[in-house]
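Working notes for the structure below.
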Amino acid sequence: MTEILPFDRSYWVLPNKLIAGNVPTSYDKEERNLKTTGIINSGINVIINLQELDETNHYGDTFHDYARDLKHYGIETFRFPIVDLDIPTEEQMIETLTIRA
């Protein structure tokens, strides 16, 4: 299987198994659709979201809830928020790493 990247600023941590990257959404509808299509085409079926529920960008805008968009395609999203520039506790890491999808 070819290593397909779903969008800019994403990369494979483990080829064709684990990908990491910036938030997979955008305020621009066209860019948001391209990211969604990229996620679908790369075979991703689970996303772990580390953002806080009310996290904002540098301008104070909240992020689009991409979990709703992806759920339509059978892609599950789990949220395990970590405060920016903070270190998760051991319990948080265990919870994040033991999800069952």
Side-chain angles (χ1 to χ4, degrees):
M1 176 152 113
T2 305
E3 293 180 5
I4 299 170
L5 290 174
F7 50 84
D8 289 340
R9 297 183 61 202
S10 64
Y11 61 94
W12 288 102
V13 178
L14 298 172
N16 297 311
K17 292 191 183 273
L18 178 63
I19 200 164
N22 71 334
V23 63
T25 191
S26 174
Y27 298 106
D28 178 79
K29 187 174 181 177
E30 185 176 328
E31 183 179 351
R32 184 167 61 238
N33 290 339
L34 286 172
K35 286 185 174 187
T36 298
T37 301
I39 289 168
I40 293 164
N41 291 340
S42 66
I44 293 170
N45 58 15
V46 174
I47 291 180
I48 298 174
N49 181 342
L50 303 178
Q51 290 180 303
E52 295 180 87
L53 189 57
D54 60 351
E55 190 163 335
T56 61
N57 66 10
H58 297 293
Y59 304 105
D61 302 318
T62 55
F63 292 92
H64 173 76
D65 182 10
Y66 59 87
R68 292 181 313 194
D69 300 337
L70 297 175
K71 186 174 184 172
H72 176 74
Y73 298 98
I75 300 170
E76 290 187 86
T77 302
F78 297 90
R79 185 182 295 270
F80 296 97
I82 298 173
V83 176
D84 277 351
L85 305 176
D86 204 0
I87 299 171
T89 65
E90 182 176 350
E91 292 80 17
Q92 287 173 311
M93 287 304 303
I94 290 169
E95 182 182 11
T96 302
L97 294 171
T98 57
I99 65 161
R100 300 286 183 243

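With hydrophobic clusters built from ILVMFWY side chains whose heavy atoms lie under 4.5 angstrom apart, L18 does not share a cluster with I82. Cluster annotation: Y11 and L14 are assigned to the same hydrophobic cluster (Ile/Leu/Val/Met/Phe/Trp/Tyr, side-chain heavy-atom contacts under 4.5 Å, transitive). Residues Y73 and Y66 fall within the same hydrophobic cluster, defined by Ile, Leu, Val, Met, Phe, Trp and Tyr side chains chained together at heavy-atom separations under 4.5 Å.
Atom CG of N33 is surrounded by more than 12 heavy atoms from other residues, nucleotides or ligands within 6.0 Å. A 6.0 Å sphere centred on CD1 of I94 holds more than 12 heavy atoms belonging to other residues, nucleotides or ligands. Residue Y27 places its OH atom among more than 12 non-hydrogen atoms of other residues, nucleotides or ligands, all under 6.0 Å distant.
Between S26 and R32, the shortest heavy-atom contact is O-NH1, 2.9 Å. Across S42 and W12, no two heavy atoms sit closer than the pair O-CH2, 4.3 Å. K35 approaches V23 most closely through the heavy-atom pair NZ-O, 3.2 Å.
Between the CG atom in N57 and the CZ atom in F63 there is a gap of 5.0 Å [rounded to 0.5 Å]. Considering CD of E31 and OG1 of T25, their distance stands at 8.5 Å, rounded to 0.5 Å. To the nearest 0.5 Å, atom CD of residue Q92 and atom CD1 of residue I87 are 11.0 Å apart. The line from OG1 of T62 to CD of E52 is 13.0 Å long, rounded to the nearest 0.5 Å. We find the CD1-NE2 distance between I75 and H72 to be 10.5 Å, quoted to the nearest 0.5 Å. Here the CD1 atom belonging to I39 is positioned 8.5 Å from the CD1 atom belonging to I19, to the nearest 0.5 angstrom.
Each of N41, I40, I47, V46 was scored for a side chain to side chain contact (heavy atoms under 4.5 Å, CB included) with I44, with one residue passing: I47.
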Hey, mind stepping through F80 and N49 against side-chain contact (heavy atoms from CB on, under 4.5 Å) and telling me if it holds? CA-CA 6 Å; F80 296 97; N49 181 342; over 6 Å; no
